[in-house]
Amino acid sequence: MPDFCVRRSIRGNYLIMTVRVRFAPSPTGYLHIGSARTALFNYLYARHTGGRFLLRIEDTDLARSTDESTRSILDGLKWLGFAPDEEIVFQSNNADKHREAAKRLLAEGKAYRDFTPKAEPNDANVKEAIKERARQQGGDKNFRDNPYRDLSSEESDARAAAGEPFAIRLKVPAEGKTSFEDGVYGLQERDYSETEDLVLLRSDGHPLYNLAVVLDDIEMQITDVIRGQDHLTNTHKQLLIYSALDAEPPRFAHLPLILAPNKGKLSKRKHGEVVSMTTYRDAGFVAAAFRNFLALLGWSAGEEKEIYSLDELIKKFTLEGIHRSNAVFNFHEGDPKRWTDDKAIWMNAEYIRTMSLAELLPLVKSELKANKLWREEYEPDGRALMTSISSTSAQAFESSTEIGDRPESIAIDRPRYGSHDWFVSTVDLIRARFFTLKDFSTQGRAYFSEDFDFDPAAVAKNLTKFPELQEWLPELADRFEAELGEIGADQPVAGNLPLTDACCSDRFFESNIEAVVKAFAEEKGTKLGVIMNGARTLLTGVAVGPSMLSVFETIGLSRTIYRLKSRLAWNEGVKDPVVR
RNA sequence: GUCCGGUUCGUCUAGGGGUUAGGACACCGCCCUUUCACGGCGGCAACACGGGUUCAAAUCCCGUACCGGAUACCA
């Protein structure tokens with residue numbers, strides 16, 4: 001007995017079925033933003049109702065489906081965190097069952113053989129051709145005038161036996177209408193006269209989409225179909241198939257579409273990478289942030305809150321909160337700084353600066369790893385990058401409970417340079433200004449490597465403009481060494497600076513640094529900012545960043561000295577003169 | 001063409017008979033400040049149009065316009 005009969009009797013007895021939804025992409029490209037949101041809403045609905053979230057790959061169109069696309073879709077879903085609760089169903093594996101069902105309907109007289117020769121589609125512009133044909137038919141088309149519709153079964157069988165090719169079409173009743181209560185759009189009705197006798201099986205024996213979907217949804221015991229609004233007319237067709245199959249249809253909910261900035265359709269072909277999920281993953285988006293952004297595109301909990309954890313989304317998600325109007329994905333074509341929706345970028349930054357470090361750290365780690373900036377010492381149980389730590393400070397760090405014993409000028413809770421704790425506090429320090437995870441390896445590169453670039457704009461603004469700094473900054477380095485260097489320790493700054501001696505002073509911390517820099521600026525009769533920003537550029541390569549006092553301390557004394565004395569930035573400024 | 005759906009700041013949206021039409025992003029200004037952010041304060045900015053119903057319409061009804069979707073031996 002087919003599944004749908006079982007389901008029907010269960011429903012008839014008012015037994016509560018657990019919700020089963022599916023996300024059913026066709027593998028003809030990467031996972032794009034619209035599909036991703038559909039997956040999200042299905043996932044949220046399943047979790048909200050305590051149901052199951054399934055995945056089905058609709059690969060019945062062999063010509064267009066690719067394994068690469070399937071992989072890309074799976075990657076996207078994995079990144080977003082939507083793992084299916086059951087094994088993935090590949091629709092093409094069920095083709096035999098689909099054919100079987102079509103033949104059954106034929107035998108039952110609910111479908112018929114159509115011997116009309118297959119029209120060769122002018123593949124170039126199928127969509128346009130179909131539209132044009134429909135336009136010409138106008139309002140007075142008659143979907144029931146197929147000459148083969150009422151062919152006697154004897155003749156039909158005979159022609160088939162003779163080897164004449166045929167498609168199998170569903171016999172849609174002449175009078176009546178399909179109707180269903182949509183979870184989002186409410187009551188939907190469509191007169192049969194608007195629905196053609198749809199093809200179930202192609203003349204080459206391939207089952208078609210609508211048949212396959214219905215059969216698979218029945219077999220997978222799907223209770224709720226949540227999909228794009230572009231499927232609204234398919235739903236009416238599918239209802240007809242459910243009815244022919246004598247099966248109970250699931251509930252349906254259609255989602256508004258996501259449009260391009262010109263309010264046109266968002267297409268993979270036209271808009272390319274900006275709509276692909278893997279683009280966002282690769283651009284350093286936090287999956288949770290993008291998920292959050294996606295959730296707000298076409299859905300709202302009816303409150304002013306905008307930042308939702310996954311758990312909160314699950315708790316608050318309802319079909320009632322879904323809109324009926326389409327949303328615009330407002331990216332800015334050709335603007336590298338605003339290449340995607342402003343709000344998505346903002347939300348990602350918001351996540352980066354507010355999410356827990358426990359969640360952020362692994363993301364930063366993989367970003368650094370990918371750029372060869374990661375060091376094992378940053379692991380929680382890794383050793384600090386300091387071999388010659390003084391006994392005083394080592395003790396201070398390890399037993400910070402005895403604060404009273406230590407002289408005031410020694411930083412007692414400063415993490416050892418290059419240690420896990422240093423890594424954590426550095427990430428925490430610099431994340432406030434970052435928009436994507438990429439920033440940790442680009443803008444933030446100087447914190448993790450000696451090999452970083454100088455932003456020409458920063459050099460121009462903070463260095464070239466004040467030629468005196470060429471002398472002053474190395475002088476400041478000497479001052480640091482003299483006044484805040486390790487007393488008695490001999491730590492020469494080598495040209496090829498080993499990271500292991502990058503911090504060799506217990507006195508190189510904010511308040512001490514501030515005193516030195518302030519005195520230095522006063523002595524030179526210049527504004528503090530000139531010194532600070534010049535140093536910022538030399539130390540980090542960029543013009544923006546945290547308070548310089550924190551930067552000095554985080555970079556550490558040795559590297560500060562080294563970088564302040566480096567001619568790299570200055571030389572670059574010379575060899576790259578302003579073009580007239 | 002026909003069928004279906006939609007229309008609140010530039011964008012995402014709240015509001016569903018009585019609101020100074022609220023929030024967020026973006027943008028602008030001020031404050032904070034060694035830079036840039038963050039943060040704080042403030043500003044700009046919307047009910048597509050026309051008819052009805054009603055004491056009262058962004059909200060309900062009808063029409064128009066515009067936008068979108070569908071229309072296939074694609075999915």
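With rounding to the nearest 0.5 Å, the separation of OG1 in T38(A) from CZ in R227(A) is 10.5 Å. With rounding to the nearest 0.5 Å, the separation of CZ in R353(A) from CG in D428(A) is 13.0 Å. The distance from atom OG of S26(A) to atom OH of Y209(A), rounded to the nearest 0.5 Å, is 8.5 Å.
Remark: R536(A) is not in phosphate contact with C36(B), judged by side-chain N or O atoms under 4.0 Å from OP1 or OP2. Phosphate proximity of A75(B) to T60(A): present, with a side-chain N or O under 4.0 Å from OP1 or OP2. OP1 and OP2 of U71(B) both lie 4.0 Å or more from every side-chain N or O belonging to R190(A).
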- Item | Derivation of the side chain to side chain donor-acceptor pair (under 3.5 Å) call for D216(A) and Q91(A) | CA-CA 7 Å; D216(A) 287 353; Q91(A) 190 158 66; 2.9 Å; yes

- Verdict with supporting geometry, R22(A) and I226(A), side-chain contact (heavy atoms from CB on, under 4.5 Å): CA-CA 8 Å; R22(A) 85 295 197 281; I226(A) 302 171; over 6 Å; no

- Query: How far apart are the C-alpha atoms of F252(A) and H231(A), what are their side-chain angles, what is the distance that settles it, and do they pass the ring pair (Phe, Tyr, Trp, His ring centres under 6.0 Å) test?
  - Reply: CA-CA 10 Å; F252(A) 292 95; H231(A) 283 287; over 10 Å; no

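Within the 4.0 angstrom heavy-atom criterion, only backbone atoms of the sugar-phosphate kind lie near Y185(A); the bases stay farther away. Backbone-only contact: K461(A) has heavy atoms under 4.0 Å from sugar-phosphate atoms and none from a base. Among the heavy atoms of the strands, none lies under 4.0 Å from P261(A). Nucleic acid contact class of N234(A) (heavy atoms, under 4.0 Å, all strands): base. Counting any heavy atom pair closer than 4.0 Å across all strands shown, A543(A) reaches a base atom.
Distance noted for atom C1' between C61(B) and G17(B): 13 Å (whole Å). Rounded to the nearest Å, the gap between the P atom of U7(B) and that of C49(B) is 14 Å. Taking atom P in both G22(B) and G15(B), one finds a spacing of 14 Å when rounded to whole Å. For U53(B) and C62(B), the C1' atoms lie 11 Å apart once the distance is rounded to whole Å. Taking atom C1' on both nucleotides, A45(B) is separated from G6(B) by 23 Å, rounded to a whole Å. Comparing the P positions of U64(B) and C9(B) gives a spacing of 23 Å, expressed to the nearest Å. Using P as the reference atom, U11(B) and G52(B) are 30 Å apart when rounded to the nearest Å. Separating the C1' atom of C47(B) from that of G42(B) is a span of 25 Å, rounded to the nearest Å.
Annotation: F331(A) is not in aromatic contact with W339(A) [ring centroid separation under 6.0 Å not met].
The M548(A) side chain lies nearest to U34(B) when the options are U34(B), A72(B), G68(B). For K118(A), taking side-chain heavy atoms from C-beta onward, the closest of the listed nucleotides A72(B), C74(B), A75(B) is C74(B). Distance from the side chain of Q188(A) is smallest for C4(B) among the nucleotides G69(B), C4(B), G6(B). Of the candidates A72(B), U34(B), C36(B), the closest approach to any side-chain atom of R433(A) belongs to C36(B). With G1(B), G69(B), C73(B) as the candidates, the nucleotide lying closest to the side chain of R169(A) is C73(B). Each of A70(B), G39(B), A72(B) was ranked by its minimum atom distance to the side chain of E350(A); first place goes to G39(B).
In this structure, the CD1 atom of I531(A) is 14 Å from the C1' atom of U35(B), given to the nearest Å. Atom pair L539(A):CG and C36(B):C1' shows a separation of 16 Å (rounding to whole Å applied). If you take CG of D455(A) and P of A37(B), they are 14 Å apart, rounded to a whole angstrom. Note: CD1 (I130(A)) to C1' (U71(B)) measures 8 Å, nearest angstrom. We find that CD of Q136(A) is positioned 14 Å from C1' of U71(B), with the value rounded to whole Å. For the pair D114(A) CG and C73(B) P, the interatomic distance rounds to 9 Å; values are reported in whole Å. For the pair L259(A) CG and C67(B) P, the interatomic distance rounds to 13 Å; values are reported in whole Å. A72(B) atom C1' lies 11 Å from atom CZ of F143(A), rounded to whole Å.
For G1(B), the paired base is U71(B) (Watson-Crick or G-U wobble, both distances below 3.5 Å). The partner of C41(B) is G29(B), judged by Watson-Crick or G-U wobble contacts that both fall below 3.5 Å. Of the nucleotides present, A24(B) is the one that pairs with U11(B) by Watson-Crick or G-U wobble criteria, both distances under 3.5 Å. Remark: G63(B) base-pairs with C49(B). Criterion, Watson-Crick or G-U wobble with two distances under 3.5 Å.
Screening residues 433-442 of chain A for salt bridge (Lys or Arg N to Asp or Glu O under 4.0 Å), with sequence neighbours left out, gives E367(A)-K438(A).
With RNA chain B read from its 5' end, the first of the two nearest nucleotides for P117(A) and K265(A) is the one closest to K265(A). Toward the 5' end of RNA chain B, the nearer of the two residues N210(A) and K127(A), judged by each one's closest nucleotide, is K127(A).
Side-chain contact between L476(A) and W472(A) is absent, with no heavy-atom pair separated by less than 4.5 Å. Side-chain atoms of L201(A) and L208(A), non-hydrogen and from C-beta on, never get closer than 4.5 Å to each other.
Under the 30°/60° scheme for interplanar angles, the aromatic rings of F552(A) and F480(A) are found to stand perpendicular.
Taking only distance into account, the side chain of T233(A) never meets the base of C4(B) through a donor-acceptor pair shorter than 3.5 Å. You won't find any donor-acceptor pair under 3.5 Å spanning the side chain of S547(A) and the base of U33(B), going by distance alone.
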- Query: Can you give one letter per nucleotide of nucleotides 10-27 of chain B, 5' to 3': B if a protein heavy atom sits under 4.0 Å from the base, S if only from the sugar-phosphate, - if neither?
  - Reply: -SBSS-------SSBSS-

